[in-house]
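Following: one structure in structure tokens, then a few remarks.
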Amino acid sequence: MKSLIKPIVVAAAFLLTANPVISKASNAITVDIFEGETATVNSYIFSNGESLVVMDVQRSTAEAKKLTKVIKNKQLPLTHILITHGHPDHYTGMSWLSKQFPKAKIVVANEAIKKDILGFSTWMESVGWLEAEPLLKPKSSKNPNGFDYVNNIHALNSDTLMMNGGGKLKLNAHYSPAEAEHLTTVYVDDLNALFTSDFGYHNVHLWMGQGVSKAHIANWRAQLNRFKSKYSESKPKVYPGHGKPADITLFDTLITYIDDFNHITSTAISKDEAKRKMKALYPDYKEADFLLKYSVDNHMN
Ligand SMILES: [Zn+2]
């Protein structure tokens, strides 16, 4: 009888200690991808089973409405809308989303990104582009019901975004200007996953248009090499800003693409020839008529 009790006690003790492990495991962060149609841009929805954070929110209110449905279907509170950088394909949906989720805080890694967003929107309004996206018009004396960028976007000024209920997103916004003046990446331990934002494009042409100088492209290439060495051991899954998830070989693919782009745009005799040659090298890449077109236009006379 004595010998029987012992295993039962051991088993009970195991169950007791195992319980916290089980509840911790339920807090592991998971991610869902919302693939936008316009510009093939991704939104990422992080969940720990108790709350949600969405990273980047699409290029149009129409797509943000679809994203809203996906988030609402999860039936968990959305606490943060994280915008990685000041390009409208990543933030246009924020005005709609914040109306749908009034408790969710719009956050950026630092003040510089907040400035980039307001700067881009102010420019878009000045050239009339926001007539199609009136929700994004900045609040002003002539537009008192506009979006209040200053008070509605919060700079985290931290490298960590803690999720309500456990788990953290590790932010890094300490990069030289590349695809954008300031970019944020996110690493999640639970997933061994790196969310590169627009350092990464997968089977989608890279944006090297307005605002992306030769020096920015060189910084971008150098950063891809840094990612390569930093992550050569841990081999995280790579979630790009545009296109499907990949592995770390994506960094090599991107470096080769940049080298091809630099070579072709400096040797082709016309913009049309450069576009033709890039399309011939990358026949399956998306957004040739948008991202590639304006990138070639920006780097050739
Ligand atoms: Zn983008």
Side-chain angles (χ1 to χ4, degrees), residues 31 33 35-36 39-44 55-56 84-85 87 89-90 169-189 191-209 211-268 274-288 290-296 298-300:
V31 67
I33 311 173
E35 298 176 30
T40 326
V41 64
N42 294 322
S43 297
Y44 293 108
M55 169 176 162
D56 291 336
T84 59
H85 65 289
H87 282 170
D89 50 331
H90 297 258
L169 310 179
K170 291 178 175 171
L171 274 50
N172 189 348
H174 309 287
Y175 298 110
S176 300
E179 197 260 5
E181 281 295 314
H182 308 92
L183 277 155
T184 312
T185 59
V186 174
Y187 181 82
V188 181
D189 284 316
L191 298 164
N192 186 27
L194 177 69
F195 298 81
T196 63
S197 185
D198 280 2
F199 282 110
Y201 284 70
H202 187 201
N203 287 341
V204 178
H205 287 286
L206 279 59
W207 172 254
M208 293 192 264
V212 187
S213 67
K214 287 268 181 267
H216 290 190
I217 294 175
N219 291 340
W220 190 348
R221 191 184 187 285
Q223 186 54 47
L224 291 166
N225 269 315
R226 273 182 227 115
F227 285 144
K228 241 182 94 173
S229 48
K230 182 174 178 184
Y231 293 109
S232 63
E233 297 276 310
S234 60
K235 294 187 172 55
K237 195 163 176 181
V238 177
Y239 290 86
H242 297 254
K244 304 266 186 206
D247 59 26
I248 57 167
T249 61
L250 181 64
F251 300 134
D252 279 321
T253 308
L254 289 162
I255 290 166
T256 305
Y257 182 103
I258 287 174
D259 290 344
D260 288 333
F261 181 87
N262 282 339
H263 177 70
I264 286 173
T265 51
S266 58
T267 55
K275 285 171 208 164
R276 248 193 338 268
K277 284 187 165 176
M278 283 302 289
K279 281 191 209 174
L281 276 180
Y282 297 95
D284 302 329
Y285 275 41
K286 293 179 178 164
E287 307 295 340
F290 168 42
L291 299 174
L292 175 63
K293 179 192 186 301
Y294 289 105
S295 297
V296 168
N298 188 39
H299 288 281
M300 289 186 74

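By convention here, the first residue in the shown sequence is residue 1.
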Item to check | Close side-chain approach of Leu292 to Lys279, heavy-atom, < 4.5 Å | outcome: yes

Item to check | Check: Pro177 main-chain N/O paired with Asn219 side-chain donor or acceptor under 3.5 Å | outcome: yes

Item to check | Non-hydrogen atoms of Ser232 and Ile248 that approach each other most closely | outcome: CA-CD1, 4.1 Å

Item to check | Qualifying residues under ring-ring contact (aromatic ring centres under 6.0 Å, His included), relative to Tyr294, sequence neighbours excluded | outcome: none

Checklist entry - What residue among Phe251, Phe227, Trp207, Tyr239 forms ring pair (Phe, Tyr, Trp, His ring centres under 6.0 Å) with Phe199? => result Phe227

Next on the checklist: For Lys235 versus Asn192, what's the shortest heavy-atom pair and its separation?
Outcome noted: O-ND2, 3.5 Å

Checklist entry - Taking it one step at a time, do Thr84 and Asp198 satisfy side chain to side chain contact (heavy atoms under 4.5 Å, CB included)? => result CA-CA 9 Å; Thr84 59; Asp198 280 2; over 6 Å; no

Next on the checklist: For Asp260 and Tyr282: C-alpha separation, side-chain torsions, deciding distance, then whether side chain to side chain contact (heavy atoms under 4.5 Å, CB included) applies.
Outcome noted: CA-CA 10 Å; Asp260 288 333; Tyr282 297 95; 2.6 Å; yes

Item to check | Other residues, nucleotides, ligands: >12 heavy atoms within 6.0 Å of Lys293 NZ | outcome: yes

Item to check | Non-neighbouring partners of His182 that pass ring-ring contact (aromatic ring centres under 6.0 Å, His included), sequence neighbours left out | outcome: none

Checklist entry - With a 4.0 Å cut-off, would you call Asp252 and Lys228 a salt bridge? => result yes

Next on the checklist: In terms of relative ring orientation, are His85 and His87 parallel, tilted or perpendicular, with 30° and 60° separating the classes?
Outcome noted: perpendicular

Checklist entry - In Å, rounded to the nearest 0.5 Å, how long is the span from CG of Leu254 to CZ of Arg221? => result 11.0 Å

Checklist entry - Is any side-chain heavy atom of Met208 closer than 4.5 Å to a side-chain heavy atom of His216? => result no

Checklist entry - CG/Asn203 to NZ/Lys286 distance, rounded to the nearest 0.5 angstrom? => result 8.0 Å

Next on the checklist: Minimum heavy-atom separation for Val212 and Asn298, please, with both atom names.
Outcome noted: O-ND2, 3.2 Å

Next on the checklist: Quick check: closest heavy atoms across Val296 and Ala274, and the distance to 0.1 Å?
Outcome noted: CG1-CB, 3.9 Å

Item to check | Minimum side-chain heavy-atom gap Val188-Val31 below 4.5 Å | outcome: no

Next on the checklist: Using the side-chain hydrogen bond (donor to acceptor under 3.5 Å, both in side chains) definition, which of the options Asp56, Thr184, Asn42 pairs with His90?
Outcome noted: Asp56

Item to check | From CA spacing to verdict: side chain to side chain contact (heavy atoms under 4.5 Å, CB included), Leu291, Thr40 | outcome: CA-CA 10 Å; Leu291 299 174; Thr40 326; over 6 Å; no

Item to check | Distance, nearest 0.5 Å, that separates CG of Leu224 from CD1 of Ile258 | outcome: 5.0 Å

Checklist entry - Tell me, do Gln223 and Leu183 make a side-chain contact under 4.5 Å, heavy atoms counted? => result no

Checklist entry - Got a sec: does the NZ of Lys214 have more than 12 other heavy atoms crowding it under 6.0 Å? => result yes

Checklist entry - Taking Ser295 for the side chain and Leu206 for the main chain, is one N or O donor matched with an acceptor at less than 3.5 Å? => result yes

Next on the checklist: Quick check: closest heavy atoms across Ala280 and Pro283, and the distance to 0.1 Å?
Outcome noted: O-CD, 3.5 Å

Item to check | From Leu169 atom CG to Asp189 atom CG, the distance as rounded to the nearest 0.5 Å | outcome: 10.5 Å

Checklist entry - Rounded to the nearest 0.5 Å, how far apart are NZ of Lys275 and NE2 of His205? => result 11.5 Å

Checklist entry - OG/Ser197 to OH/Tyr175 distance, rounded to the nearest 0.5 angstrom? => result 9.5 Å

Checklist entry - Which atom names give the shortest non-hydrogen contact between Ile33 and Pro245, and what distance separates them? => result CD1-CG, 3.4 Å

Checklist entry - Just by distance, with hydrogens left out, do Tyr201 and Glu287 show a side-chain donor and acceptor under 3.5 Å apart? => result no

